[in-house]
2 protein chains.
Amino acid sequence: MDQAKQPGFSRCNNATLRRAARSLGRFYDDALAPTGLKSTQFGLLFQIHISSEPAMGTIAEALIMDLSALGHTLKPLIRDGYVETFADKDDRRVKRVRLTPRGEAKLDEAIRLWGVAQQQFEDKVGAEQAAKLRAALDAVADLDLEMPAAAPSN
Amino acid sequence: MDQAKQPGFSRCNNATLRRAARSLGRFYDDALAPTGLKSTQFGLLFQIHISSEPAMGTIAEALIMDLSALGHTLKPLIRDGYVETFADKDDRRVKRVRLTPRGEAKLDEAIRLWGVAQQQFEDKVGAEQAAKLRAALDAVADLDLEMPAAAPSN
DNA sequence: TCCAATTAGTGGCATATGCCACTTTCATCG
DNA sequence: CGATGAAAGTGGCATATGCCACTAATTGGA
């Protein structure tokens, strides 16, 4: 019998999470559509905004995303003039990021639309529940999961 | 003053969800790496496996993903011979999907590794909590959110 | 029966993300 | 100080996802 049909079977936590992410992502994307920003870009702009000219590595760490992925994601935002980078004064390896005035303006515009979506969401699930969900998600994100290091059989 | 710093400010539910998804995704991806499958592909193979030669639209709906995205995602799996498609007998518009024997074998192999990761996760957060989280995520995914249809100002 | 509207997919284009192999800088240590 | 190893990014390649414009098939009437 399929393992998937065993009594104790539990659905994949990861698949469930991604499914929800796709669903919610579309909602926030729709809300932000008028700004031309994707919800992911909004989140990135926001993260930069609330940081102090963060280094790329710092942003990547905060968002738990691959450094190279961050670099890729940043490109369209730089191309469109919302973000600019500059070398760190003390360590030439470090590249810092900041919003341009245009980026700040775009973020303001986006925050208004985001607020509507966010409100819509919280009205549906309840602010309380939403907060709990975010806390749970943060906990999951920060779990220090590690595979049992496939015990070398020697 | 920044709206983001207002008393009632609540972090973006979507951003939090994506962050957790990236984090957990990497964990499951690592676990499945030996099989050559990404956690997303595993999820897709599994969904096909537990369905009865589902139509593409049916899969897309179940996973709440765009039909075209599903088509794209399916390509590498077809290329590698894990999945095959065939036209529906009654409606030639419909394309059905099924696992090949090779796909079934690969899924079996993946399920074993997935189980380790899943177990690892549940050990950390508790089976109870994990189940609650999945339920909450399912609820979010099925919310039926809609923007207030930006009232045409005329 | 024939055309309009609907349904199911496809392809192209763009962003999202990751991993890996490099290159450039630093930091360390002998 | 020079070799070594670590740290921070970059670029290339591959998959993940979406939207839009189209095409092919069906379904509903008129």
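Just so we're on the same page: letters track the sequence lines, and every chain starts at 1.
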Checklist entry - With B:Y82, which of B:L44, B:L45, B:L107 fulfils side chain to side chain contact (heavy atoms under 4.5 Å, CB included)? => result B:L45
Checklist entry - Does B:F42 reach the side chain of A:N14, with side-chain heavy atoms less than 4.5 Å apart? => result no
Checklist entry - Would a distance-only check, ignoring hydrogens and angles, find a side-chain to backbone donor-acceptor pair under 3.5 Å from B:T100 to B:G81? => result yes
Item to check | Donor-acceptor under 3.5 Å (A:Q129 side chain, A:E122 main chain) | outcome: no
Next on the checklist: How many whole angstroms separate atom NZ of A:K75 from atom P of D:dG9?
Outcome noted: 14 Å
Checklist outcome for this item: Atom CG of A:N14 and atom P of C:dT17 are separated, to the nearest Å, by 14 Å
Checklist outcome for this item: With the side chain defined as heavy atoms from C-beta on, B:R92 is closest, among D:dT26, D:dA16, C:dT15, to D:dT26
Checklist outcome for this item: Expected list for residues 54-68 of chain A near DNA chain C, using heavy atoms below 4.0 Å, is A:I64, A:M65, A:D66, A:S68
Next on the checklist: Reading DNA chain D from 5' onward, which residue's closest nucleotide shows up sooner: A:R22 or B:D90?
Outcome noted: A:R22
Checklist entry - Do A:H72 and D:dG12 share a donor-acceptor pair, side chain to base, under 3.5 Å? => result yes
Checklist entry - Side chain of B:A69: nearest nucleotide among C:dA16, D:dG18, D:dG11? => result D:dG18
Item to check | Selection from D:dA16, D:dA25, D:dC19 that lies nearest to any side-chain heavy atom of A:R18 | outcome: D:dA16
Next on the checklist: So does A:K38 get a backbone contact from the side chain of A:D29, meaning a donor-acceptor N/O pair under 3.5 Å?
Outcome noted: no
Next on the checklist: Whole angstroms only, please: what is the CG-C1' distance between A:L70 and C:dA16?
Outcome noted: 11 Å
Item to check | Rounded distance (Å) that lies between atom P of C:dT17 and atom CZ of B:R19 | outcome: 13 Å
Next on the checklist: Rounding to an integer number of Å, can you tell me how far A:L32 CG sits from C:dA16 P?
Outcome noted: 12 Å
Item to check | Separation of atom CZ in B:R26 from atom C1' in C:dC19, rounded to whole Å | outcome: 10 Å
Checklist entry - Reckon A:R79 has a side-chain N or O less than 4.0 Å from the OP1 or OP2 of C:dT15? => result yes
Checklist entry - With distance as the sole criterion, do the side chain of B:R93 and the base of C:dT7 form a donor-acceptor contact below 3.5 Å? => result yes
Checklist entry - Has A:E53 got more than 12 heavy atoms of other residues, nucleotides or ligands less than 6.0 Å from its CD? => result yes
Checklist entry - For the side chain of B:S23 and the backbone of B:R19, is there at least one donor-acceptor N/O pair under 3.5 Å apart? => result no
Next on the checklist: Output the rounded distance in Å from CD (A:Q41) to P (C:dA14).
Outcome noted: 13 Å
Item to check | Euclidean distance, atom CG of residue B:L37 to atom C1' of C:dC19 [Å, nearest integer] | outcome: 16 Å
Checklist outcome for this item: When A:T40 and B:R96 are each assigned the nearest nucleotide of DNA chain C, the 5'-most assignment goes to B:R96
